[in-house]
Amino acid sequence: MKRENLASLPNMVVTSSEAAEILRISQARLGDLINAGLLNCLNIGSRKVRIATIDEFLEKWDGWDLSDPYNPKKISAGG
């Protein structure tokens, strides 16, 4: 699913696999973000994420290092 096709569908839900693809991360990393409470999801038979939630996540965590989602760190200007 292409990200540019989703902008007009903010309340659409995508599977965790599709959400990971949109964010260009692995499904395991997506699970880490969800389990750490950084990314909200629904469980309707399986995990689903709203497109608007992905946008909110990106806006909120822009400028943060989420390598360890249980210990997010602000990225400093120097590196």
Side-chain angles (χ1 to χ4, degrees):
M1 188 167 292
K2 296 198 177 208
R3 181 72 183 96
E4 55 271 12
N5 296 340
L6 301 174
S8 63
L9 304 169
N11 290 315
M12 179 180 170
V13 294
V14 294
T15 65
S16 58
S17 174
E18 291 168 326
E21 183 180 332
I22 291 165
L23 291 169
R24 300 192 194 298
I25 59 175
S26 69
Q27 289 184 45
R29 176 60 62 180
L30 183 83
D32 292 341
L33 294 171
I34 291 170
N35 293 336
L38 303 182
L39 180 65
N40 293 328
C41 72
L42 309 141
N43 193 331
I44 310 170
S46 63
R47 288 180 172 176
K48 309 283 191 301
V49 181
R50 287 185 325 121
I51 296 301
T53 300
I54 294 171
D55 290 337
E56 292 163 9
F57 167 81
L58 291 171
E59 186 68 31
K60 179 177 181 177
W61 294 105
D62 188 27
W64 287 79
D65 177 354
L66 302 179
S67 299
D68 175 0
Y70 294 97
N71 188 24
K73 295 178 181 158
K74 187 80 169 153
I75 298 171
S76 64

* To do: Report the C-alpha distance between L66 and W61 in whole Å, list the side-chain angles of each, state the deciding distance to 0.1 Å, and finish with yes or no for side-chain contact (heavy atoms from CB on, under 4.5 Å).
  => CA-CA 8 Å; L66 302 179; W61 294 105; 3.8 Å; yes
So how far is it from [X] [atom1] to [Y] [atom2], rounded to the nearest 0.5 Å?
X   : Y   : atom1 : atom2 : result
I34 : S16 : CD1   : OG    : 6.5 Å
K73 : D65 : NZ    : CG    : 7.0 Å
I51 : E56 : CD1   : CD    : 11.5 Å

Could you check if a side-chain atom of [X] sits within less than 4.5 angstrom of a side-chain atom of [Y], using non-hydrogen atoms only?
X   : Y   : result
Q27 : E21 : no
D68 : D32 : no
V13 : I44 : no
L58 : L23 : yes
I75 : W64 : no
P69 : R29 : yes

* **Intermediate values then yes/no, side-chain contact (heavy atoms from CB on, under 4.5 Å), R47 and T15** => CA-CA 6 Å; R47 288 180 172 176; T15 65; over 6 Å; no
* Under the side-chain contact (heavy atoms from CB on, under 4.5 Å) rule, what do I22 and V14 come out as? Steps first, then yes or no, please. => CA-CA 10 Å; I22 291 165; V14 294; 4.3 Å; yes
* Got a sec, which residues hit side chain to side chain contact (heavy atoms under 4.5 Å, CB included) with N40, two or more places apart in sequence or on another chain? -> T53
* To do: Mind running side-chain contact (heavy atoms from CB on, under 4.5 Å) on I25 and L33 for me, showing each step along the way?
  => CA-CA 11 Å; I25 59 175; L33 294 171; 3.8 Å; yes
* Asked: Any side-chain donor-acceptor pair under 3.5 Å between S76 and K74?
  -> no
* Structure fact -> Residues I54 and A19: closest non-hydrogen pair is CD1-CB, 4.0 Å
